[in-house]
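Order of the sequence lines sets the chain letters (A, B, ...), proteins ahead of strands, with each chain counted from 1.
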Amino acid sequence: MHKPAAEAQGPAIEARNLAKVFRTARRRTGVLGVVRSLVAPEMVATTAVAEVSFSVAPGELLALLGPNGAGKSTTIKMLTGIIVPTSGEARVAGVIPYRERERNARNVGAVFGQRTQLWWDLPARESFRILRDIYGTGQAEHAARLRELDALLELSAFWDTRVRHLSLGQRVRCDLAAALLHDPRVVFLDEPTIGMDVVVKEQVRRLLRHEVEQRGRAVLLTTHDMTEVERLAERVVLINHGRIVMDGTLAEIRTRFGEGWRVHATIQGPAEPCPQGLAVLGRDGATVVFGPGAENPVTVPQALKLIIERYEVADVRVAESDLEDVMRAAYR
Amino acid sequence: MSLSAPGRGWRTARITALSDLLSPARLAGNAIRMTVQVFLVLCLWRALYAHTDVTAGLTRSMALTYAVLAVLMLQIRRADRFAARDHVFQHMHYGTIVYWYLRPLSPQRYSLWRGVGEQAYGFGWAAAGYVACLATGVIGLPSSAGAAAAFLMTFAVGQSLLYYLGLLTDQMCFFAIKNASVVLIVKFTQNLLSGAYAALWFFPAWFRSVSALLPFQYTLGVPLSLYIGRMPAADVWVQLAAALGWVVALAILTRLLWRKAAVLISAQGG
């Protein structure tokens, strides 16, 4: 099986001005309030996602990043067809997912964190057979895909164990296999490696690279693991408060939000207030970590000059901020 | 429900049986539970008939046969979906309900196949118990060939009704995530008004009149009354018509609720 020519096809995922507004009843406090809430509930509208637009090409892995409650999962649920957007439009493999749920289901695979789609009381391999029946996959095709996934995820060591007895890492690997067995063109992964150890995480990353590079699948990944993003994502969409903050490469995000530096200075003498344009990000004994301030941030040479002028410096080191720092700045 | 859904989704009907067959402890538990229940029910009804031969138009042997068959019929919906974590309540609670909407097998069709499989599997247990009870003389044969035919017809329709009643309580989970209280109330009401605890013939006339307006007695009380001959076989058509009316009404209602649930999943899907 070959990777399809990405440029010859349209986007695998296309979101245009997607918005989702939830209407929920506001709970009042106190006994009287509870009664009033029951009799005449006060409805409030909460915008979970607003004007979200982006696309993902076949053979591309896009990381959808943002703090908790940013709207990542809601976006994924709209793209998988589970929920209907309040406005805007989505197309996944050419299908409007929330209008043709069953047709869309054949094109997509999904893993939602630690929520398993496997049957708890059955061995994982039996769950795979049930999914084969549901998707109508041929026996030979199913066996071939299972062999391929076994080679990547080492499933055969435990696939005859009942799901309730699998470890978290084993179960998530089985869930990833379950999401890929029907050969979907698009894969949605909502924090698939949460709570997993480094060995399993690496195994999952290898699988994802294989699926994207060799099989040409479009993958939309949400994660809080920045190592995962650095190793896998070609492109990143940052979302916060339901809106896209940025859509670009990792390098572009570093340029925009990273401010690119940290100064670790070992300081002697009395403590002095932090110079303007700088911020103290941390302390470890006599070592103070400086970064750019929130207002009028300075460049590295300016920062070094300010630090040396203000403090008695015994040692100084300049470091590039890592992706976690960049994301912290982006989420602020 | 999409009629064009390809695949072999019907094979999901075997999940309940497969789960139990892979768990010898659960199989043994089922057998022990059924045996103990039959034994205790026999003790109870023998004690109740110790000083009388006929009550509420039921002879001792009719009452014993009714009570034991009621226990056996209850096995049909006893599969432990909670243990298998495949109950709608659990899927809503854990957020795994989203996967029901991510497969080319609609939730209603999946639910239907699971229900059919569960009832067929439960029927296997009930049938095995029936043969064992018949062989040991605990229960008697149908009162006549006509009664047997009437029983089989009303039993089949009663099973459809049973499926829809179960589905209705499952669907409540989409509207109130925790429906444990509803399930308990419905379960008790269903058992009482279907005549599972005691044949409705023992209740006062007003109680029977009220229960005749509800669907529950068609799932158990009516078929068993026909079996033992307490209800004339000639009444079967009226009973069947009423039961089928309920099946159609519940089929329409549950279909509407599936549509509503598909919208609500947005708020409660986890």
Visitor: Quick one: closest heavy-atom pair of Leu102(B) and Phe112(A), and the distance?
Guide: CD1-CE1, 3.5 Å
Visitor: Does some side-chain heavy atom of Thr96(B) sit less than 4.5 Å from a side-chain heavy atom of Trp120(A)?
Guide: no
Visitor: Counting only heavy atoms from other residues, nucleotides and ligands, does the tally under 6.0 Å from CZ of Phe207(B) exceed 12?
Guide: yes
Visitor: To the nearest 0.5 Å, tell me how far Leu21(B) CG sits from Leu122(A) CG.
Guide: 10.5 Å
Visitor: Compare all side-chain heavy atoms of Arg164(A) with those of Arg85(B) and state whether any distance is below 4.5 angstrom.
Guide: no
Visitor: Around atom CZ of Phe123(B), are there more than 12 heavy atoms from other residues, nucleotides or ligands closer than 6.0 Å?
Guide: no
Visitor: Rounded to the nearest 0.5 Å, what separation is found between the CZ atom of Arg115(A) and the CD1 atom of Ile97(B)?
Guide: 12.0 Å
Visitor: Report, as yes or no, whether the 6.0 Å neighbourhood of atom CD on Glu51(A) holds more than 12 heavy atoms from other residues, nucleotides or ligands.
Guide: no
Visitor: Using modelled atom types and a 3.5 Å cut-off, is there a donor and acceptor pairing between side-chain atoms of Tyr110(B) and backbone atoms of Ile134(A)?
Guide: no
Visitor: Give me the atom names and distance for the closest heavy-atom approach of Pro104(B) to Ala105(A).
Guide: N-CB, 3.6 Å
Visitor: Just wondering, do Asp133(A) and Arg14(B) contact through their side chains at under 4.5 Å, heavy atoms?
Guide: yes
Visitor: Taking only residues two or more places apart in sequence, or in another chain, which ones meet Glu191(A) in a salt bridge (charged side-chain N to carboxylate O under 4.0 Å, His left out)?
Guide: none
Visitor: Of all heavy-atom pairs between Arg101(A) and Tyr101(B), which one has the smallest distance, and what is that distance?
Guide: NH1-CD2, 3.5 Å
Visitor: Which pair of non-hydrogen atoms, one from Ala110(A) and one from Tyr99(B), has the smallest distance, and what is that distance?
Guide: O-CE2, 3.6 Å
Visitor: Identify which part of Arg162(A) has an atom lying under 4.5 Å from any heavy atom of chain B, answering side chain, backbone, both or neither.
Guide: side chain
Visitor: Ignoring hydrogens and angles, tell me if any N or O in the side chain of Tyr94(B) forms a donor-acceptor pair with the backbone of Thr116(A) under 3.5 Å.
Guide: no
Visitor: For the side-chain contact (heavy atoms from CB on, under 4.5 Å) test, which of Ile76(A), Ile83(A), Ile82(A) pairs with Val98(B)?
Guide: Ile82(A)
Visitor: Between Ile15(B) and Glu126(A), does a side-chain contact (heavy atoms from CB on, under 4.5 Å) hold up when you go through it step by step?
Guide: CA-CA 9 Å; Ile15(B) 292 173; Glu126(A) 204 58 61; over 6 Å; no
Visitor: Is any side-chain heavy atom of Thr12(B) closer than 4.5 Å to a side-chain heavy atom of Ile130(A)?
Guide: yes
Visitor: Could you walk me through whether Arg11(B) and Arg132(A) satisfy the side-chain contact (heavy atoms from CB on, under 4.5 Å) test, starting with their C-alpha distance in whole Å, then the side-chain angles of each, then the deciding distance to 0.1 Å, before giving a yes or no?
Guide: CA-CA 10 Å; Arg11(B) 285 173 65 89; Arg132(A) 175 197 67 193; 4.1 Å; yes
Visitor: Starting at CG of Leu18(B), measure out to CH2 of Trp119(A) and round the result to the nearest 0.5 Å.
Guide: 11.5 Å
Visitor: What part of Thr137(A) is in contact with chain B, defined as an atom under 4.5 angstrom from a non-hydrogen atom: side chain, backbone, both or neither?
Guide: backbone
